Number of protein chains: 2
Amino acid sequence: MPEKILAEQIANQLRRDILRGILPPGASIKERDNAAEMGVSRTPMREAIRILAKEGLVLLRPSRSPIVARPAFEEVADQVAVLVALEKLSAELACREAGAGDLAQIRAILDEMDRNFDQADPLDMFEIDMSFHSAIALASHNAALVETHTSYLQRLWHARYLAAIQRRNRDRVIRQHTRIVEAIEAGDPEAARDAIGVHMQSMTEDIRTVIAEETAKIEKTDIKTGETT
Amino acid sequence: MPEKILAEQIANQLRRDILRGILPPGASIKERDNAAEMGVSRTPMREAIRILAKEGLVLLRPSRSPIVARPAFEEVADQVAVLVALEKLSAELACREAGAGDLAQIRAILDEMDRNFDQADPLDMFEIDMSFHSAIALASHNAALVETHTSYLQRLWHARYLAAIQRRNRDRVIRQHTRIVEAIEAGDPEAARDAIGVHMQSMTEDIRTVIAEETAKIEKTDIKTGETT
DNA sequence: GTCGAAAATTTGGTATACCAAAAATTGTTG
DNA sequence: CAACAATTTTTGGTATACCAAATTTTCGAC
């Protein structure tokens, strides 16, 4: 694959730092300073910040440095509601459009999660989980849906990652994923929508819990030190 | 409202030219030439082109000038499938979340269309039609949904505009919009989803017909003159 | 007339400089 | 000590120049 332009490389690096908490919510991203640190000019840095702002990972402020977004639960919940609709559409279309290769791919990812859930590194397992959902979107054979779905996966990555890490539940995840796969293999759109609905309901609850905990932690820190950004 | 930056103004102007057919599908947008014509530098022009590419109105090509997108029916149909899911979610959430002001706004737009459909300029009427759909999205009180829905409205504007202009059917549109409004006013999510489904099915058929006609027209022109871009 | 090589042109990407506006900081006064 | 004014700093946006790569055009040989 062709080498990415500088702006995309910078966006990827910043995205990784944000998703891994190296750049925590509220941290400012100074265009000039960050560019100098990376030995690049402002132009690709500016472009990269724009990319991340579009993904909802960074918040642009007029005449102030952009900051790493710290979405309230309500914002995340809004995005999750849209993601649920997209995933339901994915599963529904996959029931109709998926080829044998698509189904094999989806099943293979489920089997891999089943085998390796406990041994694998949590981040790796989380990424496999995301690839499961992406594989279903790809099986829909709807390019616009794939693109929008990917955008929401990226936006929600951090919240979902925290939720997945802190509320790991192997049996529940495998059971719910299995229901989804079986519905798609059976070509049953209604069953697929229901299975997606149950799975995403669990996830929403997990995210709510995790964000509440993070918010409590942050408020305690803010009161203690009086810190602002 | 604060004055927009140059890049956004340029994007708006190019968008208008594209949607109105002044820049037809396939026309190239030369960064340097267009910038010089508008008396601006490449930087805001480049940014504007990026904005339109994100909206699907412009197709970026490596080492070649971007061109005005000429989506195949399949691409448009894919986007419409996603838009249908978003509109159903809008209507569903609006049933729960809409305030009295939201309902009044939606009803007012319907009444305005009913009164002025035949007299008003077709472009004005089309824009009112779009504002009807936007009002429902706004009534959902889900910011992420509003943003994604707006993005899809923009991407699909040209196809929908052509379809609306060439297959105008006042009674059908008013009837279908009325069903949607009544379902939302009744707070009935299922009825709202059904009404949206019927309405968008009609629209998809109209778009299919119009794109088939446009494609036939373009192929005839290409064969005749051998023109390429 | 065709084909291949060389030259020219076009293009996207990036670096750097400058400007106006907004925000933050500092100093002065009451 | 607080408020206000002046100054400084930071910032986003834009203009311009340059470069490497890709594409197109031109030219020469067969």
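Keep in mind that what you see is a predicted model, and the values were worked out from it rather than measured. Naming: A, B, ... by sequence-line order, numbering from 1 per chain. The analysis underlying the following values was restricted to heavy atoms, covering all of them including side chains, and did not include hydrogens, waters or symmetry mates.
Distances shorter than 4.0 Å separate none of the side-chain N or O atoms of A/K30 from OP1 or OP2 on D/dT10.
Residue contacts for B/L60: at a heavy-atom cut-off of 4.0 Å it reaches no nucleic acid atom on any strand shown. Contacts of A/E31 with the nucleic acid, taken as non-hydrogen atoms under 4.0 Å apart, involve only primed sugar atoms and P, OP1 or OP2. At a threshold of 4.0 angstrom between heavy atoms, the contacts of B/S41 include nucleobase atoms, whether or not backbone atoms are also involved.
Across C/dG13, C/dT14, D/dT14, the shortest atom-to-atom separation from the side chain of A/L6 is found for C/dT14. In this structure, the nucleotide among C/dG13, D/dT23, D/dT14 sitting nearest to the side chain of B/S63 is D/dT23.
Between B/V40 and A/P62, it is A/P62 whose nearest contact on DNA chain D lies nearer the 5' terminus.
Under 3.5 Å, the side chain of B/T43 and the base of D/dA15 form at least one donor-acceptor pair of N or O atoms. At a cut-off of 3.5 angstrom, counting only N and O atoms as typed in the model, there is a donor on one side and an acceptor on the other between the side-chain of A/R32 and the base of D/dG12. On a pure distance criterion of 3.5 Å, a polar donor-acceptor pair joins the side chain of B/R42 and the base of C/dG13. Remark: the A/R46 side chain and the D/dG13 base include no donor-acceptor N/O pair separated by less than 3.5 Å. Contact of A/R64 with D/dG12 (side chain to base): no donor-acceptor pair of N or O atoms is detected under 3.5 Å.
Rounded to whole Å, atom P of C/dT14 lies 13 Å from atom CE of A/M38. Per the geometry, CD belonging to A/E47 stands 13 Å off P belonging to C/dG12, to the nearest Å. The interatomic distance linking B/D33 (CG) with C/dT11 (C1') rounds to 11 Å, in whole Å. Atom CD in A/E8 sits about 14 Å away from atom P in C/dG12, given to the nearest Å. The separation between A/I67 atom CD1 and D/dT10 atom P is 19 Å, rounded to whole Å. Summarising the geometry, the separation between CD1 on A/I5 and P on D/dA21 is reported as 15 Å, rounded to the nearest angstrom. To the nearest angstrom, P of D/dG12 lies 8 Å from CZ of A/R50.
The closest side-chain donor-acceptor pair between A/H141 and A/D102 falls under 3.5 angstrom. Side chain to side chain, A/E205 and A/Q201 meet the donor-acceptor criterion of an N or O pair below 3.5 Å.
In this structure, A/H133 and A/H177 have perpendicular ring planes: the angle between them is above 60°, well past the 30° mark.
Interatomic distance, OG1 of A/T148 versus OH of B/Y152, reported as 2.5 Å (0.5 Å rounding). Here the CD1-CD distance, from A/I136 to A/E87, works out to 6.5 Å after rounding to the nearest 0.5 Å.
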